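Notes for the one structure printed next.
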There are 2 protein chains.
Amino acid sequence: MTKALKKQEIIDHAYELFYDHGFHATGVDKVMADTGISKRTLYKYFASKEDLIAELIGHYGERFLSTAPVEIARLSPDPAGRVMALFDFRKAMFDEGSFRGCFAISANLEYSGRDTPVQAASLKFFETFLNYIKSLCADGGYKDPDKLAGQVIVLFNGAVVASQASRSPAPFDAAKSVLAMLLAAAK
Amino acid sequence: MTKALKKQEIIDHAYELFYDHGFHATGVDKVMADTGISKRTLYKYFASKEDLIAELIGHYGERFLSTAPVEIARLSPDPAGRVMALFDFRKAMFDEGSFRGCFAISANLEYSGRDTPVQAASLKFFETFLNYIKSLCADGGYKDPDKLAGQVIVLFNGAVVASQASRSPAPFDAAKSVLAMLLAAAK
DNA sequence: CTCAATGTAAACAGATCGGTTTACTTTTAA
DNA sequence: TTAAAAGTAAACCGATCTGTTTACATTGAG
């Protein structure tokens with residue numbers, strides 16, 4: 001097995017464990033056991049637990065960018081409808097139980113207040129995500145797409161967090177009703 | 001010192017520690033040492049660490065309800081302006097560095113996916129908070145205050161989380177601009 | 001004054017934490 | 001074939017985790 005594959009294997013297992021059980025609550029021993037590797041190997045690929053988590057956030061971002069745009073374009077062939085489709089996309093994942101909240105938000109809050117690689121990685125993700133929303137707004141032909149994107153991301157984060165906390169996709173409906181107004185005004 | 005005072009002392013110290021350093025990252029030993037009590041005393045007042053955290057969420061809610069309405073009424077003598085004043089109230093705390101995110105959201109996310117007293121307590125807080133927003137909407141004379149409150153809380157949570165993650169009050173401005181539209185439409 | 005309640009300090013339990021290191025085996029590529 | 005690279009298992013480090021228990025001191029109300 002090549003280096004890259006081994007590393008990817010660690011990432012895949014660690015990603016699921018941290019996502020499901022939290023960051024401080026999941027020890028590196030669990031990651032080792034789950035992946036089936038020794039501690040030495042783990043620390044050959046990652047300098048520290050926090051560095052591993054930072055890389056996982058990058059992995060989360062890449063996964064999002066490689067799946068969301070395709071699915072969103074499928075949901076709305078019309079570019080103008082894709083901002084709304086972003087919300088439908090996430091809501092659908094909540095409905096089917098495959099969305100467990102935003103990995104980057106969860107990581108950021110759990111390491112909140114400190115300066116760690118985790119903070120840097122999550123801030124980078126937020127920037128990437130905001131840029132994606134900006135592109136959706138611009139391509140949709142909306143006025144002042146940068147300002148609109150800033151409003152949309154707040155709405156989106158609120159829906160994600162509330163859905164995760166309440167284990168219900170209902171907050172997405174409230175968010176979508178606000179978004180509809182926002183989009184109508186920016187048409 | 002009476003029972004109630006002793007318990008309150010534990011709560012006060014534990015509240016600060018968990019707020020600043022996170023829940024799993026803060027051990028009960030730290031709470032003991034900081035409060036200046038023995039482990040036996042701690043476990044006399046609280047059955048477990050998770051029960052302690054659940055009570056802290058209740059404490060967070062009480063603290064909010066005993067301070068926010070007063071300050072918000074001061075910020076906006078006109079009831080119609082108090083929904084917006086809620087956002088100004090929190091934004092001001094971010095500006096002065098005294099707001100560290102929502103205690104209940106942080107706790108809920110860190111214990112996400114499991115069924116603990118922490119979940120129950122945070123859900124109860126969200127309900128209390130939503131009811132407060134509903135009362136602000138109703139007293140402000142807005143149409144369909146229950147629906148409006150559901151939209152407002154999503155917006156609010158999004159601003160809180162984004163501010164905490166980015167350590168900037170800027171998301172509150174985006175949220176406020178959306179809220180202004182929302183309130184205008186519900187006038 | 002006395003006795004029960006409340007507190008303390010500290011040992012103990014068994015487990016886990018992140019991280020390093022040693023000794024040995026397997027794989028892989030020249 | 002051989003030597004380097006990469007892997008393993010496991011001991012070790014010092015610290016921490018939640019929670020229980022024991023033995024003793026303080027306190028306060030009747």
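Below, chains carry the letters A, B, ... as their sequence lines are ordered, and counting in each starts from 1. Small disclaimer: the values here were computed from a predicted structure and weren't measured.
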Practice task
Could you check whether the rings of A:Phe94 and A:Phe172 sit parallel, tilted or perpendicular, using 30° and 60° as the cut-offs?
Solution key: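 Ring orientation, 0 to 90° scale: tilted.
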
Exercise for the section: Kindly indicate, with the supporting measurements, whether the criterion salt bridge (charged side-chain N to carboxylate O under 4.0 Å, His left out) is fulfilled by B:Glu127 and B:Lys124. Expected result: CA-CA 5 Å; B:Glu127 193 190 332; B:Lys124 190 178 163 197; over 6 Å; no

Problem - Polar contact flag, side-chain donor to acceptor under 3.5 angstrom, A:Glu50-A:Ser48 - result: no

Between atom [atom1] in [X] and atom [atom2] in [N], what is the gap in whole Å?
X	N	atom1	atom2	answer
A:Lys7	D:dA6	NZ	C1'	15 Å
B:Phe18	D:dC17	CZ	C1'	12 Å
A:Met32	D:dA11	CE	C1'	12 Å
A:Glu9	D:dG7	CD	P	11 Å
A:Leu42	D:dA10	CG	P	18 Å
A:Leu17	C:dC17	CG	P	11 Å
B:Tyr45	D:dG19	OH	C1'	18 Å
A:His24	C:dC17	NE2	P	12 Å

So, taking the atom named [atom1] in [X] and the one named [atom2] in [Y], what distance separates them when rounded to the nearest 0.5 Å?
X	Y	atom1	atom2	value
A:Leu130	A:Ile153	CG	CD1	4.5 Å
B:Phe125	B:Leu65	CZ	CG	7.5 Å
A:Tyr111	A:Phe23	OH	CZ	7.5 Å

Practice task
Could you go through the ring-ring contact (aromatic ring centres under 6.0 Å, His included) check for A:Phe103 and A:Tyr15 one step at a time?
Solution key: CA-CA 9 Å; A:Phe103 191 89; A:Tyr15 180 73; 5.0 Å; yes

Problem - Row check, A:Phe99 ring normal vs A:Arg90 NZ/CZ: under 6.0 Å, within 45° - result: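 Ring-cation test returns yes.
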
Handout entry: Residue A:Ile37, side-chain heavy atoms: nucleotide from C:dT8, C:dG7, D:dT8 that is nearest
Key =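 Closest nucleotide among those given: D:dT8.
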
Practice task
Enumerate the residues from residues 104-119 of chain A whose closest heavy atom to DNA chain D is under 4.0 Å, giving them by residue number; use none for an empty result.
Solution key: none

Problem - Pair listing, salt bridge (Lys or Arg N to Asp or Glu O under 4.0 Å) test, anchored in residues 154-164 of chain A, at least two apart - result: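 Counting only pairs at least two positions apart or across chains, no salt bridge (Lys or Arg N to Asp or Glu O under 4.0 Å) contact touches residues 154-164 of chain A.
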
Exercise for the section: Do nucleotides 19-24 of chain C as a string where each nucleotide becomes B, S or -: B if the base has a protein heavy atom under 4.0 Å, S if just the sugar-phosphate does, - if no protein is that close. Expected result: BBBBB-

Exercise for the section: Return no unless some side-chain N or O of B:Thr41 is found under 4.0 Å from OP1 or OP2 of C:dT6. Expected result: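 No, outside the criterion.
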
